[in-house]
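Numbers for residues simply follow the sequence, beginning at 1. Keep in mind that this is a model prediction, so the values were computed, not measured.
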Amino acid sequence: MDTLSFKTISANKATVNKEWVVVDATGQSLGRMCSKVAKLLRGKYKPNFTPHVDCGDNVIIINADKVVLTGNKWNDRIYFKHTGYPGGQREITPAQLMAKGEDRLFRKVVKGMLPKNRLGDKLLNNLYVYAGSEHKHEAQQPKSIDINSLN
């Protein structure tokens, strides 16, 4: 029995290997793409996934302005927030969020798919969204992946 090890190996900050990946949003459905991006940020596609450690990749989304919402969701879907004051309920549509900045819509959608704690806040900082096809992270040598090949 000495040769067998039954210990569960848990990743930590020193042993985790974080990579940089580029995802192209051209023609992709917003929710389906963001659920896979949330899994990439969390690290669920890796064999050494540990729930309480940031073991996910840094994700760069390019062509964010070419994302697709089916039907009339650009204007009919409503996101709510509250200011904390009486009568302070505010609503905004995806089209209005996109007009304020492409990263706002993606961050709102991906944030809802991440854990609601300090780890989720740190994971959201690993997301970079750009409207065009250029980004400023060439020094990290990110690899481009096909988001449709992930399950």
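Contact annotation: the side chain of Val23 approaches that of Met33 to within less than 4.5 Å [non-hydrogen atoms, C-beta and beyond]. Residues Ile9 and Asn48 form no side-chain contact, since every pair of their non-hydrogen atoms from C-beta on lies 4.5 Å or further apart. Between Val59 and Tyr128 the shortest side-chain heavy-atom distance does not fall below 4.5 Å. Proximity of Ile92 to Ile78: side-chain heavy atoms (C-beta onward) are nowhere separated by under 4.5 Å. Side-chain atoms of Lys108 and Pro94, non-hydrogen and from C-beta on, never get closer than 4.5 Å to each other. You'll find the side chain of Val22 stays beyond 4.5 Å of the side chain of Ile61, heavy atoms only. With a 4.5 Å cut-off on side-chain heavy atoms, Val16 and Asn12 do not count as touching. Arg107 is listed as a side-chain neighbour of Leu124, based on a closest heavy-atom distance under 4.5 Å.
Put simply, Val110 and Val21 are part of the same group of oily side chains (I, L, V, M, F, W, Y) that touch within less than 4.5 Å, one to the next. Grouping the Ile, Leu, Val, Met, Phe, Trp and Tyr side chains by contacts below 4.5 angstrom, directly or via other members, places Met98 apart from Ile62. The same ILVMFWY cluster, assembled from side-chain heavy atoms under 4.5 Å apart, contains both Ile147 and Met113. Side-chain heavy atoms closer than 4.5 Å link hydrophobic residues (I, L, V, M, F, W, Y) into clusters, and following such links, even through other members, never connects Leu127 to Trp20. Grouping the Ile, Leu, Val, Met, Phe, Trp and Tyr side chains by contacts below 4.5 angstrom, directly or via other members, places Tyr45 apart from Ile60.
Side-chain atoms of Thr50 do not come within 3.5 Å of backbone N or O of Ser10 as any donor-acceptor pair. Looking at Asn63, its side chain never comes within 3.5 Å of a backbone N or O of Lys66 through a donor-acceptor pair. Side-chain atoms of Lys36 come within 3.5 Å of backbone atoms of Leu150 as a donor-acceptor pair (strictly under, hydrogens ignored).
In summary, Lys46 and Asp57 engage in a salt bridge, as defined by a charged side-chain N under 4.0 Å from a carboxylate O.
Shortest non-hydrogen contact noted between Ala131 and Asp65 is O-OD1, 2.6 Å. Shown here for Arg42 and Pro51, the closest heavy-atom pair between the two residues is NH2-O, 3.3 Å. The minimum heavy-atom distance linking Pro115 with Leu123 is given by the pair CD-CD1, 4.4 Å. In plain terms, the two heavy atoms of Val67 and Ser29 that are nearest each other are CG2-C, 4.4 Å. Across all non-hydrogen atoms, the minimal contact from Ala64 to Ala25 is CA-CB, 4.2 Å.
Residue pairs meeting the salt bridge (Lys or Arg N to Asp or Glu O under 4.0 Å) criterion with at least one partner in residues 5-32, sequence neighbours excluded, are Lys18-Asp54, Glu19-Lys143. The ring pair (Phe, Tyr, Trp, His ring centres under 6.0 Å) contacts involving residues 71-123 comprise nothing, where partners must be two or more places apart or lie in separate chains.
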